[in-house]
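Just so you know, residue 1 is the first one in the sequence shown, and it goes up from there. Nothing here was measured: the structure is a model prediction, and the numbers come from that model.
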Amino acid sequence: MLQTMRLTVGAAIILIAGSALAQPPAGGEYFPLKKGNKWTYKVGDQTVEVVVAGQEKVGDKECWKLETSVGGQVKASEYYYVDATGVYRAKVKDDKIDPAVKVLQFPIAKDAKWAVDSKVAGQVVKGEFKIKDDKAKIKVKAGEFETVMVEGDSFEIAGTKATIRQWFSKDPKAPGPVKLVYVISGTEATLELEKYEEGK
């Protein structure tokens, strides 16, 4: 009887420990990476879909591949990972980002800043991100959400000046980036979330 109880307790501890290890890092709800998760955005009159396609190792990091499709055709792929310090973009298509670019810092704190100084295929990506607002309320096609707004207003990407703004939601109805604005050489592109579907 005692032996059975010990085995049961031991099994329970293993299960609980395994469950704890499987939990996403604190803050991971702002960028849920699970196979099949799908974000549908509107960019002007175009529809852009981003799907978590699966996992792949980039260096020593287990990353998730996100495929971006326009008109049903995959146009781009990026690789991300999430750890206790933030959300990182580690690879674009076949090109590793060295070092990986942190796009959101954990723990979430208003006015937190972090520098970016990386290379992708020999091209420089340099600038600074800042959490401008940790409770920014915005309205997009998918609904109204309280978000964390991150801005990089003086980036250099392959010799070109750029501004990047991203709004991250942890609302279960639409977690992840709900709005993105890119201004490159004076040309602006805005992506607004139309629909989020969780993978099965």
Exercise. Just jot down the ring pair (Phe, Tyr, Trp, His ring centres under 6.0 Å) partners of Trp39, sequence neighbours excluded, or say none.
Key: Tyr196
Self-check item: Pair listing, side chain to side chain donor-acceptor pair (under 3.5 Å) test, anchored in residues 109-122, at least two apart
Solution: none
Taking distance alone, no hydrogens or angles, what donor-acceptor pairs closer than 3.5 Å link side-chain atoms of residues 149-163 to residues at least two apart or in another chain?
residue : atom : partner : partner atom : Å
Glu151  : OE2  : Arg165  : NE           : 2.6
Thr163  : OG1  : Asp153  : O            : 3.4

Quiz prompt | Nearest-0.5 Å distance, OG1 of residue Thr68 to NZ of residue Lys93 | solution = 12.0 Å
Can I get a per-line list of side-chain donor-acceptor pairs under 3.5 Å for residues 168-184, giving both atom names and the distance, sequence neighbours left out?
residue : atom : partner : partner atom : Å
Ser169  : OG   : Asp171  : N            : 2.9
Ser169  : OG   : Ala174  : O            : 3.1
Asp171  : OD1  : Lys173  : N            : 2.8
Asp171  : OD1  : Lys173  : NZ           : 3.4
Asp171  : OD2  : Lys173  : NZ           : 3.3

Quiz item: What pairs meet the salt bridge (charged side-chain N to carboxylate O under 4.0 Å, His left out) rule with one or both residues in residues 39-57, with sequence neighbours excluded?
Solution: Lys38-Glu49, Glu56-Lys91
Quiz item: Do Val51 and Val87 share a hydrophobic cluster (ILVMFWY, side-chain heavy atoms under 4.5 Å, transitive)?
Solution: no
Exercise. For the residue pair Val148 and Tyr30, establish whether any side-chain heavy-atom pair is separated by less than 4.5 Å.
Key: yes
Quiz item: When clusters are formed by joining ILVMFWY residues with side-chain heavy atoms under 4.5 Å apart, either directly or through shared neighbours, do Val92 and Val70 land in the same one?
Solution: yes
Quiz item: Excluding sequence neighbours, so at least two apart, what forms side-chain contact (heavy atoms from CB on, under 4.5 Å) with Lys200?
Solution: none
Quiz item: How is the hydrophobic cluster of Tyr81 composed, in terms of its other members, when Ile, Leu, Val, Met, Phe, Trp and Tyr link through side-chain heavy atoms under 4.5 Å apart, directly or indirectly?
Solution: Tyr88
For residues 120-146, dump all side-chain donor-acceptor pairs below 3.5 Å to protein atoms at least two apart in sequence or in another chain.
residue : atom : partner : partner atom : Å
Asp133  : OD1  : Lys135  : N            : 2.8
Lys137  : NZ   : Glu146  : OE1          : 3.2

Quiz item: If you draw a 6.0 Å radius around CD in Gln73, do more than 12 non-hydrogen atoms from other residues or ligands fall strictly inside?
Solution: no
Quiz item: Can you name the residues that form a side-chain hydrogen bond (donor to acceptor under 3.5 Å, both in side chains) with Gln55, not counting sequence neighbours?
Solution: none
Quiz prompt | Heavy-atom pair of closest approach, residues Ala90 and Ala100 | solution = CA-CB, 3.9 Å
Practice problem: Check which hydrophobic residues are tied to Tyr79 through side-chain heavy-atom contacts below 4.5 Å, counting indirect links as well, and list them. | Solution: Val58
Practice problem: Please list all pairs passing the salt bridge (charged side-chain N to carboxylate O under 4.0 Å, His left out) test where one or both residues lie in residues 62-72, with sequence neighbours left out. | Solution: Lys65-Glu67
Self-check item: Test item: Thr85 and Phe106 side chains (from C-beta on) under 4.5 Å apart, heavy atoms
Solution: no
Quiz item: Applying the 4.5 Å side-chain criterion to the ILVMFWY set and letting contacts propagate, would Val43 and Leu66 be lumped into a single cluster?
Solution: yes
Exercise. Name all residues meeting the salt bridge (Lys or Arg N to Asp or Glu O under 4.0 Å) criterion together with Glu194; count only those two or more places apart in sequence or in a different chain, and write none if there are none.
Key: none
Quiz prompt | Reported CD-to-OG1 distance for the pair Glu197 and Thr40, which is rounded to 0.5 angstrom | solution = 5.5 Å
